[in-house]
Amino acid sequence: MNKSLVVNNKIYIETYGCQMNVADSETVAGIMDLNDYEIALTIDGADVIIINTCSVRENAEKKIWNRLDFIKSIKRKNKNIVVGIIGCMAQRIGVKMLEHPVVDFVAGPDAYRDLPELINNSYLNKKYCNTDFNIKETYSGITQKKQSNEDISGFIAITRGCDNFCSYCIVPYTRGRERSADYNDIISEVKKLKQNNFKELTLLGQNVNSYYFEDNKNKVNFPSLIEMVAITAPEIRIRFTTSHPKDLSDELIDVIARNKNICNHIHLPVQSGSNKILERMNRKYTREWYLNRINVIKSKIPDIGLSSDIFCGFSGETEDDFQQTLNLMEDVCYDMAYMFKYSERPGTFAAKSLCDDVPEDVKKERLNRMIHLQNKISLKKNKADIGKTFEVLVEGFSKRSDNMLFGRTEQNKVVVFPCLNKKRGDTVMVKIKEASSATLKGDIINS
Ligand code: 5AD
Ligand code: SF4
C-alpha cells in the first residue's frame, strides 16, 4: 500500500548532541514547514519521526541504537510511520543504518534540503540515503522554526563543518569542511529574532573564531561579526560557542569587553593540560599559549565566566600528563567544565595511528578525580559570588519548586530565586545568598 494515503503530515524531530544539532533541527523544521508538514511536539501521533544524532563518543551512538529499539515498538503498532536518521551518526554510518528494521531514510548534515523527497520515497517504500557533502551549504534562505512558541533563546549557525582535524574528533568527517554563512543572512536572522522578542541569541560554530566572509563591500571576521550582531540587537544577550584557543584573538576579547550585551562568558575547551598530549591531539597550541589567553581574558574582563571541555585517557596519557591537566584546571579556576573519558572514534587519525592504551578502569578513575576537583573549584567560585548582584534572564520554574524561578547570569551560571510574579523572558536583578557547586540562590532586588 502507498503509505501517503494514510498520513496527516505530522513530523516529530528528536535531537541529541550539541547546540549545533538543536539549531539544525530548527532548520529541518523550517524546511518541513515550507513543505506543509506540521511540527508535532510529542512523538505520539506523529507520521514522520526524525532523529538528529551525535557521534562524538561511542555512548552517544549507543543511546540512538537503544532509542531505535524503542521506536520499533511504536512502528509495530503503526506500520505507516516513517523514521529517518539525520546528523553526525547518519553521516558516519551512512547507508548501513538502513539495515536497521525501523529506519526508512538517512540524511547527513549537508542533505537536509532533500528531506521532503527522502520522506516521499519512504512512503513509496523506497529506502534512500543521502550523505553527500556540499561545501556551499549554509542553509541560506531557510527560516528556522522553533519547536515551541515560548522560546526566548535562539541559535544562529555562523559556520558549519570543521577544518581543524583534532586527532580524536569525528566532526571533520561527519560535518565536512568549514564554511561561513553570509553575514547579511546572519544579520537578517538577528533582526527576525529581535522582532519576535527573543531575549538571547547564541552564535554557533565548531570554531566560531575562524568565521570569515568577504563580499565586494566588506571583509568580516568573527570579532567584527559579533560586534555587528551586538549593535543590531542591543537589547538581546549575545552568546557564542565554541571557541578554539588557537584562534581566540585579543581583538575578540576587546569586543566582548566593550559591548555590554555580549555576555561575559567564554567557553574555551582546553581538552588537556599536557603539551605532549595536546600535540598528539593536534590542538595546535601549548599549555603556555592557553594560559596566556586566559590571563589576557581575565585582565580585560575581570568578571568573566569561564568554562571548558576536558577529557582524560587519551592515547599516551600518563599519570604525570593527567596531573598537568588537574593542575591547569586549578590554575584557570573554571566556573564549569564538561568532562569526558576518551572514546576512540573509527576513521579518525587517532584510531588509525595512535594506540588507545589507557585501560578503561584508569580512564574511569581519572574522570572521577577530574569531576571531584572541578566540583571543588566550582563551589569555591560560586561561593565567591555570595553577596554580589547579577542580572538574570528568567528561563522558567525551578525543577524543585513551583514558587521558585531559575535563570542564568551573563557568566552562564544558574540562579534560583523566589517568583515575585516574574516569568520566563523577564530580566531581574538577583542578590546571591547561597551557593552550591552547581547553583546560586538569591533574592530579586529593586523589583
Ligand atoms: N572522546 C571523548 N571526548 C571527545 N570529545 C570530542 N571527541 C571525543 C572523543 N573521541 C569531547 C571534546 C569536545 C567535546 C564536544 O567532546 O572535549 O570538545
Ligand atoms: Fe555530536 Fe559533534 Fe556532531 Fe555535535 S558536531 S552532533 S557534538 S558529533
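Ligands are counted one by one from 1 in listed order, and the atoms in each one are counted from 1 as well.
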Taking distance alone, with N or O pairs closer than 3.5 Å, would you say E344 contacts ligand 1? no
Counting from 1 in the order shown, the ligand 1 atoms closer than 4.0 Å to a non-hydrogen atom of Q271 are 12 (C), 13 (C), 17 (O), 18 (O)
Taking only non-hydrogen atoms of R345 and a 4.0 Å limit, the atoms of ligand 1 in range are 10 (N)
For A233, the side chain to side chain contact (heavy atoms under 4.5 Å, CB included) test, sequence neighbours excluded, returns V190, K194, E235, I236
So for Y168 against ligand 1, with non-hydrogen atoms under 4.0 Å, the contacting part is both
query = Does the pair F311 and Y338 meet the rule for a ring pair (Phe, Tyr, Trp, His ring centres under 6.0 Å), with working shown?
reply = CA-CA 8 Å; F311 68 96; Y338 296 102; over 10 Å; no
Q. Is the ring centre of F314 less than 6.0 Å from the ring centre of F322?
A. no
Sequence neighbours excluded, the answer for ring-ring contact (aromatic ring centres under 6.0 Å, His included) partners of Y211 is none
* Asked: Taking the side chain from T27 and the backbone from A23, do they hold a donor-acceptor pair closer than 3.5 Å?
  -> yes
**Prompt:** Purely on distance, is any nitrogen or oxygen of Y342 under 3.5 Å from one on ligand 1?
**Reply:** no
